[in-house]
Amino acid sequence: MALSTFFTEPFYSLADFDRLFDEAFNARTGSGSSAVASRQQGNSAVRPMRPRMDLHEDQEKNLVTATFELPGLTKENVQLDVKDNVLTVAGESTLSTERDEKGYSVRERRFGKFSRSLPLPQGVKPEEVKATMGDGVLTITFPRTTPELAPKKIAIQ
């Protein structure tokens with residue numbers, strides 16, 4: 001079973017669908033609900049930051065590569081942890097305090113804490129997980145299977 005089957009994400013989050021339905025309903029009825037107003041005023045609270053991830057398996061090299069989009073973040077803002085065969089990528093993107101909150105018509109960029117977890121194959125040791133970061137892209141590689149768990153061919157005599 002491929003790891004990539006576990007990590008699919010629709011183009012829109014549930015918060016995006018809620019916002020679309022609220023906007024459509026309010027445009028038709030002409031009413032404004034407090035939920036819509038709170039979404040418009042506090043976009044970062046309702047729409048948490050969830051970095052996009054690509055997961056690629058290379059069977060020939062026995063390697064899995066996870067690539068995360070983390071625009072505006074540096075390696076000092078990101079933490080990687082391995083516990084119970086689960087790799088967790090966490091961090092925080094902060095909103096600049098220099099900007100005045102008034103005057104924004106649209107705020108699509110997301111700010112706040114985030115955390116993404118993905119299971120590691122059995123037998124992978126934390127020291128086998130390698131990570132690099134550059135230009136807002138975090139790349140993590142780890143073995144697809146360990147030599148001890150890889151299938152072994154048995155010759156028929």
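- Looking at T141 and T65, their side chains never bring a donor and an acceptor atom within 3.5 Å of each other.
- Considering all non-hydrogen atoms of both residues, L118 and F68 come closest at CD2-CZ, 3.8 Å.
- Criterion: ILVMFWY side-chain heavy atoms under 4.5 Å apart, direct or through other members. Under it, V137 and L70 are not part of a common hydrophobic cluster.
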- [ ] Decide side-chain contact (heavy atoms from CB on, under 4.5 Å) for M133 and T139; before the verdict, give the C-alpha distance in whole Å, the side-chain angles of both, and the deciding distance to 0.1 Å.
- [x] CA-CA 6 Å; M133 187 159 176; T139 304; over 6 Å; no
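- From F114, atom CZ reaches atom CG of L73 across 5.5 Å, with rounding to the nearest 0.5 Å.
- Counting non-hydrogen atoms of other residues, nucleotides and ligands closer than 6.0 Å to CD of Q59 gives a total of 12 or fewer.
- Contact record, A131 with L80: CB-CD1, 3.4 Å, taken as the closest heavy-atom pair.
- From N62, atom CG reaches atom CD of E57 across 10.0 Å, with rounding to the nearest 0.5 Å.
- Distance check: F142 CZ to L120 CG gives 5.0 Å after rounding to the nearest 0.5 Å.
- At distances below 3.5 Å, not a single donor-acceptor pair connects side-chain atoms of R144 with backbone N or O atoms of D58.
- In this structure, E69 does not pair ionically with R52, as no charged nitrogen and carboxylate oxygen lie closer than 4.0 Å.
- In plain terms, the two heavy atoms of P143 and P121 that are nearest each other are O-CG, 3.6 Å.
- Here the OG1 atom belonging to T88 is positioned 11.5 Å from the CZ atom belonging to R116, to the nearest 0.5 angstrom.
- When every heavy atom of S117 is checked against every heavy atom of V86, the shortest pair comes out as CB-CG1, 3.8 Å.
- Residues E76 and Q79 approach most closely at O-NE2, 4.1 Å, considering heavy atoms.
- Inter-residue side-chain proximity for L87 and I140 is flagged as met; some heavy-atom pair is nearer than 4.5 Å.
- A distance of 12.5 Å separates CG in N77 from NZ in K113, rounded to the nearest 0.5 Å.
- Taking each heavy atom of L55 and A66 in turn, the nearest pair found is CD1-CB, 3.7 Å.
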